Amino acid sequence: MAEQEAPATAREWHLAARPQGWPVPTDFALVEAPVRTPGPGEILVRNAYLSVDPYMRGRMNDVKSYVPPFELGRPMDGGAVGYVVASAAEGFAPGDAVLHGLGWREYATVEAKRAVKVDPSVPLSAYLGVLGMTGLTAYAGLLAVGGLKEGDRVFVSGAAGAVGSMVGQIARLKGASLVVGSAGSAEKVARLTGEYGFDAAFNYKDAPVAEQLAKAAPEGIDLYFDNVGGEHLEAAIGALGVHGRAVLCGAIAQYNETTAPAAPRNLALAIGKRLRLEGMLVGDHAALQPQFVAEVGGWLAEGRLRNEETVVGGFENTADAFLDLLRGGNAGKMVVRLDG
C-alpha cells in the first residue's frame, strides 16, 4: 500500500450518555477531531475495519469491572485493523497492516507496543474475528478453561454469534460426540445445523430452553459454553452430568436489564453434581496465541472451519451496527468496513 498523507481532522465516535437499559442512537455522538501526529514510539493508523462486540455494552456503564468504562464525551475504543500512515516507531513503516485496540475512529495514533503487524494477504477483517480475539476466546474457553475431551456432549448458547459459532465448530473438530446450539431465529438455527455442522439446534424463543435442550440432548451434557446467562445457564445446570463444566464467557441476556436476573435458580445442583462453573477472560490466555493461530489457520486453509462475517459498510454506521449486534442482527462476527 502506498504512503498516504493524513488529514488534519477525522471522525470518531464518542459516548454521549450512559444508557438506561437498551442503548439508543442518542447515546452516541459522531465527532470531528484533530488527527495527532505520532510521537516517539507511536504510529498513526488509518483504520480499515472496526469490531463491535457485546462486551462493549458493559463498558458503557459507570461501574467497576475487569476493563475501565468508556468515558463520557471521549472516543470509545475496541478492536481495529488498518494501515500505518506515519511511523515514529522502530519496526513499523507506512503501508504495514496492523491490529490494535483503538477502534471507533477513522484514524488512530497508537503506541507501537500496543499494535501487532499482520499479514495483509489474509483478509484483514479476519484478524478481528476468526484469527483475533473472537477466535481465541472460543479456542481458549473451550479447550483451556472447559477442558473439552473427546466424546463430550457440548451445549453452546448464542451459537450463531461470532464466538458461539466457532465454539461449536472447534468442538466438532476436536471430537465432541454431540454439539447442540441455541439461537434466536429459525434462519440461525438452520445455519447452525447446515453450515456450521452442529448436531442439533433450537430457537430459544419457541419454548422453554430446558425443555428444548432435553429433547436435543436426552442423555444430558458434559460441557456448556455460556454466552447468554439467565434461563440458558439454568437449563444447562440442570442438564449437566456429574463433574460437568460450564465456561462462563458472556451474559448478553442481562446486559441491558435494569433489574436483577431471575435465573439461574438451581445453583444448588452444582453441589451434588460437583460442577465446575468458571468465568473466562481472553486476556488470560495470550500464551495460547501461537498454537491458536497455527491450528485454526490450518483448519481455515483446509476448508474445515467456516468463517462467517456480517460486514456493515460506512464508518457513520458504526453505532447502528453495534445496536443491531445487541438485537442479534449478526451472523458470525460483526465488523464495520470504513470505506463503505
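What you are looking at is a predicted structure, and each value in this text was computed from that prediction instead of being measured.
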Visitor: Side chain of Ser157, backbone of Asn227: donor and acceptor closer than 3.5 Å?
Guide: yes

Visitor: I'd like to know if Leu178 and Leu173 are part of one continuous hydrophobic network [Ile/Leu/Val/Met/Phe/Trp/Tyr, side-chain heavy atoms within less than 4.5 Å].
Guide: no

Visitor: Search all heavy atoms of Ala183 against all heavy atoms of Ala160 and return the closest pair with its distance.
Guide: CB-CB, 4.2 Å

Visitor: According to a hydrophobic-cluster definition based on side-chain heavy atoms being under 4.5 Å apart (Ile, Leu, Val, Met, Phe, Trp, Tyr only), do Leu142 and Met133 belong together?
Guide: yes

Visitor: Checking the side chain of Asn266 only, and the main-chain atoms of Leu269 only, is there a donor and an acceptor separated by less than 3.5 Å?
Guide: no

Visitor: Looking only at heavy atoms, what is the nearest atom pair of Gly78 and Tyr55, with distance?
Guide: CA-OH, 4.0 Å

Visitor: Apply the test side-chain contact (heavy atoms from CB on, under 4.5 Å) to residues Glu308 and Tyr196: give CA-CA distance (whole Å), side-chain angles for both, the deciding distance (0.1 Å), then the verdict.
Guide: CA-CA 10 Å; Glu308 186 161 7; Tyr196 294 135; 2.6 Å; yes

Visitor: Please work out whether the ring planes of Trp299 and Tyr139 are parallel, tilted or perpendicular, with thresholds of 30° and 60°.
Guide: tilted

Visitor: How far does CD1 of Ile170 sit from CZ of Arg304, to the nearest 0.5 angstrom?
Guide: 12.0 Å

Visitor: Take a 6.0 Å sphere around CD of Gln289 and say whether it holds more than 12 heavy atoms from other residues, nucleotides or ligands.
Guide: yes

Visitor: Using salt bridge (Lys or Arg N to Asp or Glu O under 4.0 Å), reason through Lys174 and Asp152 one step at a time and then give a plain yes or no.
Guide: CA-CA 10 Å; Lys174 286 290 190 177; Asp152 275 348; over 6 Å; no

Visitor: Does Arg245 form a side-chain contact (heavy atoms from CB on, under 4.5 Å) with Glu278? I'd like the steps, not just the answer.
Guide: CA-CA 8 Å; Arg245 295 94 69 205; Glu278 184 173 349; over 6 Å; no

Visitor: Counting C-beta onward and ignoring hydrogens, is there a side-chain heavy-atom pair between Val179 and Phe155 closer than 4.5 Å?
Guide: no

Visitor: Please say whether more than 12 non-hydrogen atoms of neighbouring residues, nucleotides or ligands are located less than 6.0 Å from CZ in Arg36.
Guide: yes

Visitor: Please step through side-chain contact (heavy atoms from CB on, under 4.5 Å) for the pair Glu42 and Val110, ending with a clear verdict.
Guide: CA-CA 5 Å; Glu42 294 181 327; Val110 183; over 6 Å; no

Visitor: State the CG-CD distance between Leu288 and Glu295, to the nearest 0.5 angstrom.
Guide: 10.5 Å

Visitor: Taking all non-hydrogen atoms of both residues into account, name the closest pair between Pro290 and Ala286 and its distance.
Guide: CD-O, 4.3 Å

Visitor: Which atom names give the shortest non-hydrogen contact between Ala89 and Ala112, and what distance separates them?
Guide: CB-CB, 3.4 Å

Visitor: Thr137 vs Cys249, test: side-chain contact (heavy atoms from CB on, under 4.5 Å). Steps then yes/no.
Guide: CA-CA 8 Å; Thr137 299; Cys249 179; 3.5 Å; yes

Visitor: Evaluate the side-chain proximity of Leu267 to Ile237: yes if any heavy-atom separation is below 4.5 Å, no if none is.
Guide: yes

Visitor: I'd like to know if the side chain of Ser87 and the backbone of Pro94 have a donor-acceptor N/O pair within less than 3.5 Å.
Guide: no

Visitor: How about Glu12 and Tyr107: does a side-chain donor come under 3.5 Å of a side-chain acceptor?
Guide: no

Visitor: State the CG-CG distance between Leu248 and Leu233, to the nearest 0.5 angstrom.
Guide: 6.0 Å

Visitor: Check Ala246 against Leu240 and note the closest heavy-atom contact, atom names and distance.
Guide: CB-CD1, 4.4 Å

Visitor: Short question: side chain of Lys273, backbone of Gly238 - any donor-acceptor pair under 3.5 Å?
Guide: yes

Visitor: Tell me whether Arg18 at atom CZ has more than 12 heavy atoms from other residues, nucleotides or ligands lying less than 6.0 Å away.
Guide: yes

Visitor: Are Val296 and Leu131 packed together at the side-chain level, in the sense that at least one heavy-atom pair is separated by less than 4.5 angstrom?
Guide: yes

Visitor: So, does Glu106 use its side chain to make a donor-acceptor pair with the main chain of Leu338 at under 3.5 Å?
Guide: no

Visitor: So, taking the atom named NZ in Lys333 and the one named CE in Met166, what distance separates them when rounded to the nearest 0.5 Å?
Guide: 12.0 Å

Visitor: Can Val24 be reached from Leu326 by stepping across I, L, V, M, F, W or Y side chains whose heavy atoms are under 4.5 Å apart?
Guide: no

Visitor: Any chance CZ of Arg327 has more than 12 other-residue heavy atoms, nucleotides or ligands included, within less than 6.0 Å?
Guide: yes

Visitor: Can you confirm whether more than 12 heavy atoms, excluding those of Glu219, are under 6.0 Å from its CD atom?
Guide: no

Visitor: Any link between Trp13 and Val31 through a network of hydrophobic side chains (Ile, Leu, Val, Met, Phe, Trp, Tyr) touching at under 4.5 Å?
Guide: no

Visitor: Within this structure, what is the CZ-CG distance for the pair Phe202 and Asp206, rounded to the nearest 0.5 Å?
Guide: 10.0 Å

Visitor: Could you check if a side-chain atom of Pro25 sits within less than 4.5 angstrom of a side-chain atom of Leu323, using non-hydrogen atoms only?
Guide: yes

Visitor: Taking atom CD of Glu32 as the centre, does the number of heavy atoms from other residues, nucleotides or ligands within less than 6.0 Å exceed 12?
Guide: yes

Visitor: Would His100 and Asn47 satisfy side chain to side chain donor-acceptor pair (under 3.5 Å), going step by step from the backbone distance to the final call?
Guide: CA-CA 10 Å; His100 63 91; Asn47 287 330; 2.7 Å; yes

Visitor: Give me the atom names and distance for the closest heavy-atom approach of Leu15 to Met60.
Guide: CD1-CE, 3.3 Å

Visitor: Can you tell me how far CG of Leu30 sits from CH2 of Trp104, rounded to the nearest 0.5 angstrom?
Guide: 10.5 Å

Visitor: Are any of the side-chain heavy atoms of Glu234 and Arg265 separated by less than 4.5 Å?
Guide: yes

Visitor: Determine yes or no for a side-chain-to-main-chain donor-acceptor pair under 3.5 angstrom, with Gln212 supplying the side chain and Ala207 the backbone.
Guide: yes

Visitor: Any heavy-atom pair between the side chains of Asp284 and Val282 that's under 4.5 Å?
Guide: no

Visitor: Given 3.5 Å as the limit, does a donor-acceptor pair link the side chain of Glu309 with the main chain of Gly332, or not?
Guide: no

Visitor: Judged by atom type as modelled, is there a donor-acceptor pair below 3.5 Å linking the side chain of Asn203 to the main-chain atoms of Lys205?
Guide: yes

Visitor: Heavy atoms, side chains only, cut-off 4.5 Å: are Phe322 and Arg57 in contact?
Guide: yes

Visitor: If you define the side chain from C-beta out and look only at heavy atoms, does anything of Asp53 sit under 4.5 Å from Met56?
Guide: yes

Visitor: Determine yes or no for a side-chain-to-main-chain donor-acceptor pair under 3.5 angstrom, with Lys117 supplying the side chain and Gly91 the backbone.
Guide: yes

Visitor: Treating Thr134 as the side-chain partner and Val130 as the backbone partner, does any N or O pair qualify as donor plus acceptor under 3.5 Å?
Guide: no

Visitor: Does a side-chain N-to-carboxylate-O contact under 4.0 Å join Asp77 and Arg59?
Guide: yes

Visitor: Would you say Leu128 ends up clustered with Tyr83 if hydrophobic residues are merged whenever their side chains have heavy atoms under 4.5 Å apart, either directly or through other cluster members?
Guide: yes

Visitor: Assess the pair His232 and Tyr204: is the distance between their ring centroids shorter than 6.0 Å?
Guide: yes

Visitor: Might you confirm whether atom CD of Glu316 has over 12 heavy atoms from other residues, nucleotides or ligands at distances under 6.0 Å?
Guide: yes

Visitor: Does atom CD of Glu302 have more than 12 heavy-atom neighbours, drawn from other residues, nucleotides or ligands, at distances under 6.0 Å?
Guide: yes

